[in-house]
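Notes for the one structure printed next.
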Amino acid sequence: MKSNEPRSSSSCAACKLLKRRCTPNCQFAPYFRSDEPKKFANVHKVFGASNVSKILNDVPEDQRDDTVNSLVYEAEVRLRDPVYGCIGAIASLQRKMVELQHDLMLAQTRLAYFAAKQNPTTNCSLMLDYDPFNVANMMPSDFVDVPVTAGYLDSYAQNSFDMDHCASTNEFGQFPFP
């Protein structure tokens, strides 16, 4: 982001957008080059030039590159998703992580099942009766007769199903809204 080569005589992207003269000690110039005008335009739309200037002044110089990268990312995500912004992206990634963990657990269960089935010398008679592909066997038989009451988890599952299967799903399809 920050270049060690001397700046050309052209204004930085910030000074071009703000229509002001770019001075040699411009604090935006090292981070918003003149060939990347969209980058500063997005940051300016979301945060404003004075707030970006204050943020850069408050941050130690060795952390400014990372700060500017963060501001640029946050601005781009906020412009794509004005309601949830970065939180929407984080929630989407967390949901995908939970789904992948579930898939991994299921794959490990199936692998253990087939490994036990291949090795008949193992004393796992309960494991051999368990079929991971049969959904009825997913729940222990002791709990089959327990009545299921309609509560938060049921409405959560129904809302999640409805939102995920409707044409206008959003990144927060798993969260029921009151």
Side-chain angles (χ1 to χ4, degrees), residues 1-4 31-33 36 38-40 42-43 45-47 52 55-56 58-178:
M1 171 128 317
K2 194 174 186 180
S3 63
N4 293 334
Y31 312 105
F32 299 104
R33 297 186 334 231
E36 299 174 325
K38 187 82 172 152
K39 191 162 107 174
F40 182 76
N42 289 343
V43 171
K45 278 181 196 172
V46 174
F47 298 105
V52 173
I55 290 170
L56 289 176
D58 290 343
V59 173
E61 182 135 0
D62 63 325
Q63 295 177 356
R64 288 184 184 169
D65 279 336
D66 293 334
T67 302
V68 169
N69 286 336
S70 179
L71 290 172
V72 168
Y73 177 75
E74 288 180 42
E76 288 173 358
V77 173
R78 178 61 64 182
L79 290 172
R80 266 188 279 149
D81 185 359
V83 176
Y84 296 110
C86 288
I87 300 300
I90 292 168
S92 174
L93 291 172
Q94 285 177 335
R95 185 178 72 241
K96 288 177 185 175
M97 185 179 71
V98 167
E99 289 171 0
L100 289 171
Q101 286 173 336
H102 176 266
D103 292 346
L104 178 63
M105 181 201 62
L106 189 60
Q108 287 172 336
T109 302
R110 289 177 179 168
L111 183 63
Y113 168 75
F114 286 118
K117 204 169 192 175
Q118 290 292 330
N119 189 2
T121 61
T122 313
N123 190 8
C124 295
S125 60
L126 291 176
M127 183 68 164
L128 293 176
D129 294 337
Y130 172 75
D131 183 3
F133 298 104
N134 185 352
V135 178
N137 286 339
M138 291 290 198
M139 191 181 309
S141 60
D142 298 338
F143 299 104
V144 172
D145 296 330
V146 175
V148 177
T149 59
Y152 176 76
L153 291 178
D154 294 333
S155 70
Y156 170 85
Q158 184 61 41
N159 286 342
S160 177
F161 179 80
D162 291 343
M163 288 180 189
D164 286 342
H165 290 87
C166 120
S168 62
T169 58
N170 60 19
E171 290 297 315
F172 288 90
Q174 80 276 18
F175 297 124
F177 295 104

Any chance you could measure [X], atom [atom1], to [Y], atom [atom2], to the nearest 0.5 Å?
X    : Y    : atom1 : atom2 : value
E76  : K38  : CD    : NZ    : 9.0 Å
L111 : L106 : CG    : CG    : 11.5 Å
Y113 : Q118 : OH    : CD    : 10.5 Å
Q94  : E99  : CD    : CD    : 12.5 Å

Can you sort out the partners of [X] under side-chain contact (heavy atoms from CB on, under 4.5 Å), two or more places apart, ordered by chain and number?
X   : answer
P60 : D62, Q63
M97 : Q101
I55 : V59, T67, L71

To check you understand the geometry: which heavy-atom pair defines the closest contact between [X] and [Y], and what is its length?
X   : Y   : result
R64 : L56 : NE-O, 2.8 Å
V72 : K39 : CG2-CG, 3.5 Å
N42 : A75 : O-CB, 3.6 Å
C86 : V77 : N-CG1, 3.5 Å

*Evaluate the side-chain proximity of F47 to E74: yes if any heavy-atom separation is below 4.5 Å, no if none is.*
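Side-chain contact under 4.5 Å: yes.
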
*Polar side-chain atom of T109 near backbone of M105 as donor-acceptor pair, under 3.5 Å*: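 Here the side-chain-to-backbone pair exists.
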
